[in-house]
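Along the sequence shown, the residues carry numbers beginning at 1.
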Amino acid sequence: MSYLPARRSFLKAGAAAAVVLLTGCTGEPGSPSTGTATPSGTSVPATDLTFTMGTAANPAGLDPALLMDSESFRVTRQIMETLIGVDPDTGVPKPLLATEWEELDDGRAYRFTLREGVEFHDGTPFDAEAVKANFERWYRLPRTARPAEGVLSFASVFEAFADEDETSLYKDCEVLAPNELRLNLNRRFSGLIAALSAPAFAIASPAALAEGTADELNQERGGTKLSAFAQHPVGTGPFRFKAWSDEQVNLTTFENYWGPAAQVSTVVFQTLPHPAARLRALQSGRIDGYDLVTPETYAGLARSGMQILQRDPFSVSYLGMNQEFGLLADLRMRQAIAHAIDRSVLIEDFFLQGTTEAKQFVPRSLGVTSEDIPYFEYNPERARELLEETGYDGEEIPFYYPLNVTRAYLPTPEKIYAELSRQLTAVGMNIQPQPLAWEDGYLDRVQTSSDHALHLGGWSGSYRDPDNFLGPLFGAPSPEFGFKNVQLFNRIARARTLPAGEERNQAYLTINNQVARLVPAVPLAFPVSALAMGPRVVSYPASPMLDEVYNLVRLRPDA
């Protein structure tokens with residue numbers, strides 16, 4: 001499969017002008033069957049510097065195997081590492097804790113050579129036995145440790161846990177030598193190497209997992225059940241866990257880290273839920289940077305002379321539709337909703353410049369999209385005709401949307417909801433607003449309940465494979481969409497097993513076409529996301545997949 005490389009841009013937003021610096025390269029990346037280690041980089045001795053990052057939400061926990069949200073992964077990426085890394089320019093897999101890998105048995109096994117001389121923060125060795133222990137833990141994770149809502153990354157990639165009826169992709173792990181491991185699969189998944197770069201597959205210290213009874217959620221923080229390990233994670237990353245208070249997580253440099261040394265000695269994650277609060281904190285110097293710049297705060301950043309670091313789109317925002325809600329079981333009703341939406345207004349008013357209209361759910365950079373698939377363009381007259389054909393007579397349509405949250409795919413959800421509600425009402429629909437705070441269980445409500453009709457949602461990719469988008473959204477029955485189509489589910493399952501190449505590309509094009517015709521949801525935009533950095537920051541390792549590790553952050557020591 002051919003992927004286009006990520007492009008990174010660093011903007012200095014001044015009051016009178018903006019300077020754009022672009023870096024990147026062109027290549028033909030994919031999911032390789034072999035990989036080779038690259039030099040770790042130039043070491044920079046740690047100094048007594050603190051880097052403070054403003055975040056939009058508190059972590060849900062710090063055990064990556066049990067997480068699904070980007071704000072939690074933002075923290076765990078600093079502490080724990082995966083076997084496979086991500087090239088910052090191309091987004092393709094590169095060595096990290098594994099220095100080499102080889103595909104065996106026609107894609108049903110992989111042999112990994114592990115990096116030697118690596119240790120966990122607790123002093124225990126990183127080796128093949130530790131990796132095996134993590135895979136076995138993920139596979140045998142008890143139901144009591146799995147979240148009620150959403151799908152964990154292991155279930156998304158490996159399809160099933162040990163106690164489920166269907167056969168998991170995972171078969172077993174064999175330790176071949178202290179630094180060599182064989183991962184056996186029940187069938188091929190061509191995107192496996194790329195998938196193992198996702199932060200949920202970070203390798204934890206087996207000793208710390210046992211000591212922290214990681215699979216026993218017998219403690220509580222902020223209303224969430226967590227294990228002791230999830231509040232004191234131990235990995236091999238450049239920073240070790242120090243403290244977690246109500247609004248702050250503190251990390252400190254791991255002196256024995258195997259890779260590039262950090263310049264900063266302390267990392268602080270400061271929770272600031274509101275975009276305006278993050279802007280004020282950056283302007284005052286209370287924080288050094290923050291993510292999820294919104295259009296409303298862009299002007300303030302420009303006036304202050306702050307830096308804006310822009311990522312290429314690797315997420316999709318959508319209007320979800322629940323077919324279990326009677327009206328929406330009718331395809332014509334879903335088509336009417338699609339025709340009623342003017343995406344151009346949404347993009348111009350509520351997303352950052354560079355955001356593009358989404359006609360399908362897979363970003364163009366993955367190379368499996370087409371302009372020839374069915375597309376329900378903005379056509380309010382056609383929407384009214386379809387409503388009349390359905391016999392719709394003004395029944396209330398509950399529309400759920402989140403409050404008090406900023407996401408890469410939903411920078412200002414309240415405003416996006418208001419505009420969509422206006423557009424749908426204009427063609428004759430009776431929209432009933434259902435606002436729900438993110439922290440009060442918005443995701444749980446729209447992903448597990450059947451009483452919602454419409455909802456705002458989105459998906460951020462974590463590795464470069466089309467299955468990372470289509471599998472979690474449409475690869476199995478889901479209460480979020482009330483969508484059941486065995487033929488589509490089977491096509492997605494088959495596409496996973498195809499080797500990289502034209503046949504696999506064509507399979508995903510066919511899947512995209514079928515999803516577009518069935519309209520289980522309306523794709524809205526591929527949003528550009530951006531970070532804001534203060535004057536102390538010389539460089540920050542921005543990544544479309546959020547693979548941003550802070551030992552690569554560089555600050556001005558005298559600022």
Among Tyr409, Trp459, Phe474, which residue satisfies the ring pair (Phe, Tyr, Trp, His ring centres under 6.0 Å) criterion with Phe361?
Phe474
Would you indicate whether the side-chain heavy atoms of Val549 and Glu81 approach each other to under 4.5 Å?
no
Does Thr355 reach the main-chain N or O of Ile347 with its side chain, forming a donor-acceptor pair under 3.5 Å?
no
Taking every heavy atom of Arg137 against every heavy atom of Ala65, the minimum-distance pair comes out as NH1-CB, 3.7 Å
How far apart are the closest heavy atoms of Pro313 and Val528, and which atoms are they?
CG-CG2, 3.9 Å
Determine whether the side chains of Arg311 and Ser529 contain a donor N or O and an acceptor N or O closer than 3.5 Å.
yes
Do the side chain of Ser168 and the main chain of Phe158 share a donor and acceptor less than 3.5 angstrom apart?
yes
Atom CG in Asp291, atom CZ in Arg407: separation rounded to 0.5 Å?
10.0 Å
Gln353 atom CD, over 12 foreign heavy atoms within 6.0 Å
no
When you measure from the side chain of Ser197 to the backbone N and O of Ala194, does any donor-acceptor pair fall under 3.5 Å?
yes
Take a 6.0 Å sphere around CD of Glu377 and say whether it holds more than 12 heavy atoms from other residues, nucleotides or ligands.
yes
Closer than 4.0 angstrom, basic N to acidic O: yes or no for Arg445 and Asp451?
yes
Pairwise distance CD(Glu136) to CG(Asp172) - rounded to 0.5 angstrom
7.5 Å
Keeping the roles fixed (side chain from Arg146, backbone from Leu141), state whether a donor-acceptor pair exists under 3.5 Å.
yes
Take His274 and Asn404 through the side chain to side chain contact (heavy atoms under 4.5 Å, CB included) test and state the conclusion after the steps.
CA-CA 7 Å; His274 300 289; Asn404 304 325; 3.8 Å; yes
Less than 3.5 Å apart, any donor N or O on the side chain of Arg494 or Asn490 sitting next to an acceptor on the other?
no
Would you name the heavy atoms of Leu185 and Gly107 that are closest together and state the gap between them?
CD1-O, 3.7 Å
Parallel, tilted or perpendicular: which one describes the rings of Phe154 and Trp138, with boundaries at 30° and 60°?
tilted
Judged by atom type as modelled, is there a donor-acceptor pair below 3.5 Å linking the side chain of Ser421 to the main-chain atoms of Tyr417?
no
Okay, side chain of Arg343, backbone of Tyr378: is any donor-acceptor separation there less than 3.5 Å?
no
Between Asp467 and Arg504, is the closest basic N to carboxylate O distance under 4.0 Å?
no
Let me see the working for Arg382 and Glu389 under salt bridge (Lys or Arg N to Asp or Glu O under 4.0 Å), right down to the final yes or no.
CA-CA 11 Å; Arg382 180 58 181 151; Glu389 290 178 18; 3.4 Å; yes
Test log, rule side chain to side chain contact (heavy atoms under 4.5 Å, CB included), inputs Phe73 and Leu546
CA-CA 9 Å; Phe73 285 137; Leu546 308 183; over 6 Å; no
Please check if the side chain of Gln360 supplies one atom and the backbone of Ser370 the other of a donor-acceptor pair under 3.5 Å.
yes
Kindly confirm or rule out a cation-pi arrangement of Lys415 over Phe350, judged by NZ or CZ under 6.0 Å from the six-membered ring centre and within 45° of its axis?
no
In Å and rounded to the nearest 0.5 Å, what is the CD to OH distance from Gln432 to Tyr400?
8.0 Å
A side-chain contact here means heavy atoms from C-beta on lying under 4.5 Å apart; do Glu247 and Leu272 qualify?
no
For Phe469 and Phe314, I'd like to know if the aromatic rings sit close, meaning centre-to-centre distance below 6.0 Å.
yes
Taking all atoms of both residues into account, what is the closest heavy-atom pair of Ala521 and Gly320, and its distance?
CB-CA, 4.0 Å
Just how far is it from atom CD of Glu480 to atom CG of Leu473, taken to the nearest 0.5 Å?
7.0 Å
Would you indicate whether the side-chain heavy atoms of Tyr290 and Leu279 approach each other to under 4.5 Å?
yes
Would you say CG of Asp393 has more than 12 non-hydrogen atoms from neighbouring residues, nucleotides or ligands within 6.0 angstrom?
yes
Would you find a donor on one side and an acceptor on the other, under 3.5 Å apart, between the side chain of Glu388 and the backbone of Arg384?
no
Between Ser478 and Gln447, is there a side-chain heavy-atom distance shorter than 4.5 Å?
no
Does atom NZ of Lys359 have more than 12 heavy-atom neighbours, drawn from other residues, nucleotides or ligands, at distances under 6.0 Å?
yes
Are side-chain heavy atoms of Gln310 and Leu352 found at a separation under 4.5 Å?
no
Glu159 (side chain) donor-acceptor with Ala155 (main chain) under 3.5 angstrom
no
Are any side-chain N or O atoms of His455 and backbone N or O atoms of Leu443, one a donor and one an acceptor, separated by less than 3.5 Å?
no
Side chain to side chain contact (heavy atoms under 4.5 Å, CB included) assessment of Gln514 paired with Asn485:
CA-CA 10 Å; Gln514 187 172 4; Asn485 190 294; 3.5 Å; yes
Spacing of CZ belonging to Arg334 relative to OG1 belonging to Thr390, to within rounding of 0.5 Å:
12.0 Å
Under a 4.5 Å cut-off applied to non-hydrogen side-chain atoms, are Thr412 and Phe351 in contact?
no
Check whether any side-chain heavy atom of Pro59 sits under 4.5 Å from a side-chain heavy atom of Trp244, and report yes or no.
yes
Taking the ring of Phe481 and the ring of Tyr318, is the distance between their centroids below 6.0 Å?
yes
Between Ile337 and Met321, is a side chain to side chain contact (heavy atoms under 4.5 Å, CB included) present by the stated rule, with each step listed?
CA-CA 9 Å; Ile337 291 170; Met321 297 185 285; 3.7 Å; yes
Which distance, rounded to the nearest 0.5 Å, do you find between the CG of Leu196 and the CZ of Phe201?
6.0 Å
For Pro64 and Pro199, work out which heavy atoms get closest and say how close.
CB-O, 3.4 Å
Closest approach of Asn58 and Thr271, non-hydrogen atoms and distance?
OD1-OG1, 2.5 Å
Any salt bridge between Glu548 and Arg77, counting N to O under 4.0 Å?
no
Check whether NZ of the Lys or CZ of the Arg Arg364 lies under 6.0 Å from the centre of the six-membered ring of Phe526 and within 45 degrees of that ring's axis.
no
Within the 4.5 Å heavy-atom criterion, are Met333 and Leu387 side-chain neighbours or not?
yes
Using the ring of Phe161 (Phe, Tyr or Trp, six-membered ring only), decide whether Arg143 places NZ or CZ under 6.0 Å from its centre and within 45 degrees of its axis.
no
